[in-house]
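In this text, all values refer to a predicted model and were calculated from it rather than measured experimentally.
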Amino acid sequence: MAIASTIRPCCSHLHLSQIIPKYPYHFSKSQKCPHRYEVVAQAASTAPAPHPTFDPVGAGSATPPHILLHGLKPLVFTPLLPFPEKTRNVDPVRHVPIPRTESVAEREAWKLLKQSVVNYCGKPVGTVAAADAGAFKGELLNYDQVFIRDFVPSALAFLLKGETEIVRNFLLHTLQLQSWEKTVDCYSPGQGLMPASFKVRAAPIDGNADAEEEVLDPDFGESAIGRVAPVDSGLWWIILLRAYGKITGDFSLLERVDVQTGIKLILNLCLSDGFDMFPTLLVTDGSCMIDRRMGIHGHPLEIQSLFYSALRCAKEMLTFNEGSANLIRAIKNRLSALSFHVREYYWVDLKKLNEIYRYKTEEYSQNATNKFNIYPEQIPAWLVDWIPDRGGYLIGNVQPAHMDFRFFSLGNLWAIVSSLTTPKQAEGILSLIEEKWDDLIGTMPLKISYPALESDEWRIITGSDPKNTPWSYHNGGSWPTLLWQFTLACIKMGRPDLAKRAISTAEKRLLDDNWPEYYDTPTGRFVGKQSRLYQTWTVAGFLTSKLLLEKPELASILTFEEDLELLEGCACRLSRNGRTRCSRQAARSQLLGNCA
Ligand code: GLC
């Protein structure tokens, strides 16, 4: 697939809502090596504030004004050891560290991860999606690009090893890409959009056909299959920024005006007013890891979990001043409403399913029990037997007269990690995974979605997609990269045993199979039909899982605990509105886990 090629200066399309201060900068066209960056002040009407010249490696940037960050505290831990030394276990007699021996798979994985690093102007800026040069007659599609979401496990593996430079560079370079004008035919999406991926390309230097320089070419979805904007990219960027800040203590990066503006632009896109009745984020199909048509348009769980997590990160990282006060207030309100909504309406367990089964329909009132007018006939036959007596999960989507009862791993795991669920619900999800181990883990962790769409459902919902046939790829395929998110959720809930079991299922097989992108069949027995090998996020997901198990205290760079203030916020507003159904008591009972 061709990569995006036309990048023009973006000076004329600044549509920012009132919660965002005027964005006083734009950047010149192609992003080129650092010494060529320009920061151009906007039209005279906007008084340009002092702004640090873009400086991806930090050398010589202007000292940012001292600003108080909201809640972000550096972690207190012994400095990370440089690669490849390991000293986690201590000899109980001699009290000296015992070096842990890396497994063959780990050694191979580190080698591959390092080989996948992409340099730009001599500095590491990311990792390619897959290094499978022999695949499909050399047809690379866009697997030779750096994907934002794919880079997250790579970044974490590097951060947990104490290698921080690549992550800092990645964060700052992608921030630059955010500000560019992007166009699909005659339409430009919003200013805060982060690209799905980018590529380093050699381009002739202006006016000199013989000389070349490196430029970064982003793809915002205008070249991607299906032309879908990647809603998750900006959310991942914010989540990674917090993890970087917490582990390095490099708050000067977080406080930079361009970084703060980047956070605000992403949130402006997410929080802008629309026609919505729900606090969940409304998106098109394929706007996240599942980036093809799979019937997840509307309010898919994956996006809601990442959205919640990114809002919590932003609440910690945004500097408090006159210009950000309204935004911070909007974030808090949205967090309260979002968690209430997801906990109430996305959660199913045996009890809740039985309630839905007995729902009355066509209820017209503010006190309706069946708020979304769900017809009980929607409960799929597979679920009646599948739902265990113990535990439950968040369903894939809730919309008027529609519940998508499929289990989506990423959304459920990330809801645990970010405390979008109640603690009791979080336990319930892990206990469901344990109970349904053969279905969700099988011979290769983890099912991306369960169960697969088949027959007419497959034909209508996927548009007869030959890549998403039943039990393949996004349609019930198994994706080993999800191991790191599973490990993170298990550590947070005090169940590292589950993560260890899943990793040991995967380890030898991943090595023998050359680190495939995904596996097919109901239990993940075959390497996926069109799966790439040497898929970087498979490699990095495995390494990150291992590192997290080794240093579980560092999981907190990504996790959040329950925030009582947010629950109270929801309860207070609801009771002021006189809505008896969603009362302070309801919010409290969520906290105590009664409604789970
Ligand atoms: C596929 C996946 C997507 C991933 C990309 C690069 O398109 O669906 O989630 O980011 O490959 O690996």
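- Between Y308 atom OH and H341 atom NE2 the span is 14.0 Å, to the nearest 0.5 Å.
- Contact record, N475 with L453: OD1-N, 2.7 Å, taken as the closest heavy-atom pair.
- Among residues two or more places apart in sequence or in another chain, the side-chain hydrogen bond (donor to acceptor under 3.5 Å, both in side chains) test is passed with S197 by Q145.
- The backbone N or O of K352 lies less than 3.5 Å from a partner atom in the side chain of D349, making a donor-acceptor pair.
- No donor-acceptor distance shorter than 3.5 angstrom exists from the side chain of D520 to the backbone of V527, with no hydrogens or angles considered.
- With a 4.5 Å cut-off on side-chain heavy atoms, L338 and T280 count as touching.
- The side-chain tip of R149 does not point at the ring of W537 from less than 6.0 angstrom away and within 45° of straight on.
- Between D512 and R509, no side-chain nitrogen of the basic residue sits less than 4.0 Å from a carboxylate oxygen of the acidic one, so the salt-bridge criterion is not met.
- Counted by atom type alone, K467 and T462 present zero donor-acceptor pairs between their side chains at under 3.5 Å.
- Looking only at side-chain heavy atoms (C-beta outward), L301 and V398 stay at 4.5 Å or farther from each other.
- In this structure, the side chains of I290 and F408 come closer than 4.5 Å at one or more pairs of heavy atoms.
- For residues 403-412, every residue pair satisfying the side-chain hydrogen bond (donor to acceptor under 3.5 Å, both in side chains) rule, not counting sequence neighbours, is listed here: D404-R406.
- By the ring pair (Phe, Tyr, Trp, His ring centres under 6.0 Å) test, F151 pairs with F170, sequence neighbours left out.
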Only pairs under 3.5 Å count here: list side-chain donor-acceptor contacts from residues 354-363, not counting sequence neighbours, and write none if there are none.
| residue | atom | partner | partner atom | Å |
| --- | --- | --- | --- | --- |
| E362 | OE2 | Y375 | OH | 2.7 |
| E363 | OE1 | T369 | N | 3.4 |
| E363 | OE1 | N370 | N | 2.8 |

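- Here the straight-line distance linking atom CG of N514 with atom OG1 of T538 works out to 11.5 Å at 0.5 Å rounding.
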Applying side-chain hydrogen bond (donor to acceptor under 3.5 Å, both in side chains), run through Y143 and E517 and close with a yes or a no.
CA-CA 11 Å; Y143 282 92; E517 179 187 17; 2.8 Å; yes
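- The shortest side-chain heavy-atom distance between Q485 and V417 does not fall under the 4.5 Å cut-off.
- Evaluation of the side chain to side chain contact (heavy atoms under 4.5 Å, CB included) rule for P522 yields W471 as partners, not counting sequence neighbours.
- A donor-acceptor contact shorter than 3.5 Å is absent between the side chain of K332 and the backbone of K315.
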I239 vs L558, test: side-chain contact (heavy atoms from CB on, under 4.5 Å). Steps then yes/no.
CA-CA 7 Å; I239 292 168; L558 294 151; 4.0 Å; yes
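- Q535 and P516 get closest at one heavy-atom pair: CB-C, 4.1 Å.
- Separating the CD atom in Q378 from the CE atom in M403 is a distance of 8.0 Å, to the nearest 0.5 Å.
- A side-chain contact (heavy atoms from CB on, under 4.5 Å) with L306 is found for exactly one of V231, L235, L281, namely L235.
- Looking at heavy atoms from C-beta onward, Y519 lies in side-chain contact with L510 at the 4.5 angstrom threshold.
- In this structure, the ring pair (Phe, Tyr, Trp, His ring centres under 6.0 Å) partners of Y518, at least two apart in sequence or on a different chain, are Y473, W479.
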Tell me which donor-acceptor pairs under 3.5 Å the side chains of residues 388-397 have, and how far apart each pair is, sequence neighbours excluded?
| residue | atom | partner | partner atom | Å |
| --- | --- | --- | --- | --- |
| Y393 | OH | F405 | O | 2.6 |
| N397 | OD1 | H299 | N | 3.0 |
| N397 | ND2 | H297 | O | 2.9 |

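- Rounding to the nearest 0.5 Å places SG of C313 at 8.5 Å from CG of L241.
- Partner K199 forms a salt bridge (Lys or Arg N to Asp or Glu O under 4.0 Å) with one of D144, D219, D217 and no other, that one being D144.
- Between I429 and W347, some side-chain heavy-atom pair lies under the 4.5 Å cut-off.
- Between the side chain of T443 and the backbone N or O of G524, at least one donor-acceptor pair lies under 3.5 Å.
- Annotation for I416 and M493: closest pair CG2-CG, 3.6 Å, computed over non-hydrogen atoms.
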Apply the test salt bridge (charged side-chain N to carboxylate O under 4.0 Å, His left out) to residues R343 and E562: give CA-CA distance (whole Å), side-chain angles for both, the deciding distance (0.1 Å), then the verdict.
CA-CA 13 Å; R343 290 167 179 203; E562 184 76 284; 2.8 Å; yes
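- With sequence neighbours left out, the ring pair (Phe, Tyr, Trp, His ring centres under 6.0 Å) criterion links F542 to W515.
- The salt bridge (charged side-chain N to carboxylate O under 4.0 Å, His left out) test applied to R495 returns E434, D497, not counting sequence neighbours.
- Note: T421 OG1 to E427 CD = 9.5 Å, rounded to the nearest 0.5 Å.
- D232 contributes atom CG, which lies 10.5 Å from atom CZ of F147 (distance to the nearest 0.5 angstrom).
- No side-chain heavy atom of F407 sits under 4.5 Å from any side-chain heavy atom of S449.
- Taking S233 as the reference, I148, M194, P230 meet the side chain to side chain contact (heavy atoms under 4.5 Å, CB included) condition, with sequence neighbours excluded.
- In this structure, a donor-acceptor pair under 3.5 Å is present between the side chains of T127 and S154.
- Considering only residues two or more places apart in sequence or on other chains, S545 meets the side chain to side chain contact (heavy atoms under 4.5 Å, CB included) condition with L483, W484, T487, I503.
- A distance-only check finds a donor-acceptor pair linking the side chain of D285 to the backbone of I296 [under 3.5 Å].
- Distance alone, capped at 3.5 Å, is enough to place a donor-acceptor pair between the T536 side chain and the V128 backbone.
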Please walk me through it: do S287 and I303 pass side-chain contact (heavy atoms from CB on, under 4.5 Å)?
CA-CA 8 Å; S287 58; I303 290 289; 4.1 Å; yes
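- With no hydrogens or angles considered, no side-chain donor-acceptor pair links T469 and W458 at under 3.5 Å.
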Could you go through the ring pair (Phe, Tyr, Trp, His ring centres under 6.0 Å) check for Y450 and W386 one step at a time?
CA-CA 11 Å; Y450 179 90; W386 196 74; 4.9 Å; yes
Begin with the C-alpha distance, continue with both residues' side-chain angles, and end with the deciding distance and a verdict on side-chain contact (heavy atoms from CB on, under 4.5 Å) for D439 and K447.
CA-CA 8 Å; D439 292 333; K447 277 272 165 272; over 6 Å; no
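- In terms of the salt bridge (charged side-chain N to carboxylate O under 4.0 Å, His left out) criterion, residue partners of E507 (sequence neighbours excluded) are, by chain and number, K546.
- With salt bridges taken as basic N to acidic carboxylate O contacts below 4.0 Å, none links D465 and R293.
- Residues I238 and L267 meet the side-chain proximity criterion, which asks for heavy atoms closer than 4.5 Å.
- Side-chain atoms of S504 come within 3.5 Å of backbone N or O of R501 as a donor-acceptor pair.
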